[in-house]
Each structure stands twice: as structure tokens, then as C-alpha cells.
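Below, read A as the first sequence line, B as the second, and so on, with proteins coming before strands; counting in each chain starts at 1. Values reported hereafter were calculated over all heavy atoms of this structure, with side chains retained and with hydrogens, waters and symmetry mates removed. This structure is a prediction, so every number in the text was calculated from the model and none was measured.
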Protein chains: 2
Amino acid sequence: MLGNPYDRDCPTRQLLDRIGDQWTVLIVGALVDGPLRFTEIGKRVDGISQKVLTQTLRSLVRDGILTRTAYPVIPPKVEYELTQLGRNLAEPLELLDRWARQNMDQVKAARAAYDAENAATAS
Amino acid sequence: MLGNPYDRDCPTRQLLDRIGDQWTVLIVGALVDGPLRFTEIGKRVDGISQKVLTQTLRSLVRDGILTRTAYPVIPPKVEYELTQLGRNLAEPLELLDRWARQNMDQVKAARAAYDAENAATAS
DNA sequence: CGGAATCCTACCTGATACTG
DNA sequence: CAGTATCAGGTAGGATTCCG
């Protein structure tokens with residue numbers, strides 16, 4: 001049982017709002033190995049726009065998942081790093097990732113089977 | 001490290017597409033205790049519209065996460081039940097849920113602190 | 001009861017251009 | 001380099017209505 005995630009403002013729900021944005025998990029994953037600069041993250045998380053990256057990073061900082069450190073040098077340098085809370089979050093995320101690796105082909109198969117059957121009956 | 005979830009079509013990314021829709025996790029959570037009928041799920045997952053519930057359920061069936069069983073009785077009765085794959089997915093999900101319960105207040109605190117500081121400097 | 005079909009809106013997002 | 005600002009488009013999602 002996942003508890004009682006059926007009232008709109010339970011923790012689970014809020015977490016889903018947070019990680020459900022598709023990018024949070026990837027960014028957190030990109031930072032587990034150590035701090036990265038803005039552009040570095042953008043390169044790792046392929047497909048993210050600079051705007052969304054900015055937004056997501058800021059909200060993660062706001063949530064205490066990671067810290068932002070700006071070095072006042074002439075070519076600006078800003079580093080993002082996971083907080084303890086963030087590293088903490090990375091663990092269950094990694095389990096999810098493992099599930100994905102192990103079962104995603106099964107999902108694909110199920111999907112193909114479903115579509116095949118569906119196309120057949122759609123005559 | 002979350003692996004290499006940075007190419008657009010890795011398993012992790014696909015999983016995020018699946019569970020990132022905000023409702024999947026809640027529906028799966030609602031079904032861990034046993035099969036439920038359409039309306040039952042709708043009641044448990046507060047706030048979901050009938051349309052989205054239908055969509056999400058169907059895509060979950062398609063992905064092999066759960067099964068749909070329609071009983072041909074006069075008041076229609078349809079039950080949804082987790083497959084093994086689905087029960088399997090529920091485990092890492094539960095860990096995430098646990099994280100949420102344990103840390104969401106910390107996130108809230110960080111959020112409040114951030115906002116306070118932000119309002120102060122926004123003069 | 002368990003959907004399907006339609007309409008309509010809000011937000012999320014990407015693309016682009018500009019700034020310190 | 002690391003953002004901010006603006007605008008346009010697509011789409012997830014809600015509300016409503018009707019069907020088997």
C-alpha cells in the first residue's frame with residue numbers, strides 16, 4: 001500500500017508534482033557523481049531547453065534538493081550540487097531506474113501485443 | 001548514478017513518461033491491495049476526471065501493468081487488477097512514497113526559507 | 001456502471017532574441 | 001557563460017453530454 005495518497009495535498013502527491021516533470025529525475029541523476037555547471041547539465045540531459053533547465057534548477061534549489069554556487073568571475077561560473085536531501089532522494093530514484101532497465105522490454109512487448117490485437121479487432 | 005538516462009529513448013526516460021503523468025503512481029498504489037472497479041478507483045484517486053482515468057487505465061493495460069476484466073452483466077462491472085509486472089513496479093514506488101513522507105516537510109521548510117529570503121532581496 | 005465523444009482552456013514547452 | 005524576456009504552439013486535462 002502506498003499509504004493514503006488520495007488527498008490532494010499529501011506528501012506523495014507533492015513529490016509527484018516535483019519529479020513528475022520529467023526533468024527533475026534526470027537532473028538529479030546527472031549530479032550524483034558530483035557538482036556540475038549549468039551548461040554541463042544541459043549537455044548531459046539531452047533534449048532539455050535552456051529555459052526549462054533554468055526553471056527546473058531553480059525550483060530544485062528552492063526545494064533544498066540542490067545548491068547553487070555562483071563564482072563572481074568574468075566568464076560566469078555557476079555550479080549546482082546535490083544537498084544531502086538530494087543525495088537521499090537519488091536512492092529510491094535509482095531503484096526506479098533499475099526497474100525500468102529490467103522491465104521496460106516487457107512493457108514494450110505488452111504494448112506491441114496490445115496494439116497488434118487492437119489492430120486485428122479494429123477491422 | 002542513474003545510468004545513462006540522457007539519450008531520449010532509454011528505459012528510464014520511457015518510465016518517466018509513464019509514471020510522470022501524475023496519476024499512474026496513484027492508480028497503481030490504489031490497486032496494491034487488490035482489484036478494484038472503475039468507479040472505485042475514481043473515488044480513491046481524488047481529483048482525477050473520468051476521462052483521464054479512462055485514458056490512464058487503458059495505457060496501463062496496454063503496458064501490461066494491469067489487467068482489465070469486464071463482466072457481461074446488466075449493470076456493467078469492470079475490474080482492474082495489477083499484473084505481476086505491476087506489483088513489481090509498486091515496490092520501488094513505495095520507496096519513493098516513503099521518501100516523500102520522511103522528507104517532504106524538509107522540502108517545505110527549504111521552500112519557505114527560499115521564498116522568505118527571496119522576498120527580502122526583492123525590494 | 002463504464003465508458004466514448006466533443007469542446008474548450010490553461011499551462012507547459014520550444015524557439016528566438018537580448019543581457020550582465 | 002548563465003541566465004532573462006517574450007511569443008507562439010501543442011497538448012494534457014477538466015467539464016459536459018450521450019451511449020450500451
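- Taking 4.5 Å as the limit, every side-chain heavy atom of B:R68 sits out of range of all side-chain heavy atoms of B:L57.
- Considering CD1 of A:I48 and OG1 of A:T56, their distance stands at 4.5 Å, rounded to 0.5 Å.
- The nearest whole Å value for the distance from the NZ atom in A:K77 to the P atom in D:dA2 is 9 Å.
- Of the two residues contacting DNA chain C, namely A:I74 and A:S49, the nearest-nucleotide position lying further toward the 5' end is that of A:S49.
- Here D:dG13 is the nucleotide among D:dG13, C:dG2, D:dA2 with the atom lying nearest to any side-chain atom of B:W23.
- Atom CD of A:E40 is separated from atom C1' of D:dG3 by 16 Å (rounded to the nearest Å).
- Between the C1' atom of C:dA15 and the CD1 atom of A:I48 lies a distance of 15 Å, rounded to the nearest Å.
- Within residues 53-66 of chain A, the residues that place at least one heavy atom under 4.0 Å from DNA chain D are, in residue-number order, A:T54, A:R58.
- Take the nearest nucleotide of DNA chain D for A:R68 and for A:K51: the residue whose nucleotide is more 5' is A:R68.
- At D:dA2, one or more side-chain N or O atoms of A:R37 fall inside 4.0 Å of OP1 or OP2 (strictly under the cut-off).
- In this structure, A:R111 does not pair ionically with A:D115, as no charged nitrogen and carboxylate oxygen lie closer than 4.0 Å.
- The interatomic distance linking A:D46 (CG) with C:dG14 (C1') rounds to 14 Å, in whole Å.
- On a pure distance criterion of 3.5 Å, no polar donor-acceptor pair joins the side chain of A:Q50 and the base of C:dA15.
- Within the structure, a side-chain polar atom (N or O) of A:Y80 is placed less than 4.0 Å from OP1 or OP2 of D:dG3.
- Between B:Y80 and B:L31 there is a side-chain heavy-atom pair separated by less than 4.5 Å.
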Give the table of side-chain donor-acceptor pairs shorter than 3.5 Å for residues 83-92 of chain B, with sequence neighbours excluded, one pair per line with atom names and distance.
{"from": "B:T83", "atom 1": "OG1", "to": "B:G64", "atom 2": "O", "distance (Å)": "2.6"}
{"from": "B:T83", "atom 1": "OG1", "to": "B:I65", "atom 2": "O", "distance (Å)": "3.0"}
{"from": "B:T83", "atom 1": "OG1", "to": "B:L85", "atom 2": "N", "distance (Å)": "3.3"}
{"from": "B:T83", "atom 1": "OG1", "to": "B:G86", "atom 2": "N", "distance (Å)": "3.1"}
{"from": "B:Q84", "atom 1": "OE1", "to": "B:R87", "atom 2": "NH2", "distance (Å)": "3.4"}
{"from": "B:R87", "atom 1": "NH1", "to": "B:L82", "atom 2": "O", "distance (Å)": "3.1"}
{"from": "B:N88", "atom 1": "OD1", "to": "A:W99", "atom 2": "NE1", "distance (Å)": "3.3"}

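- Atom CD in B:Q106 sits 11.0 Å away from atom CE in B:M104 (nearest 0.5 Å).
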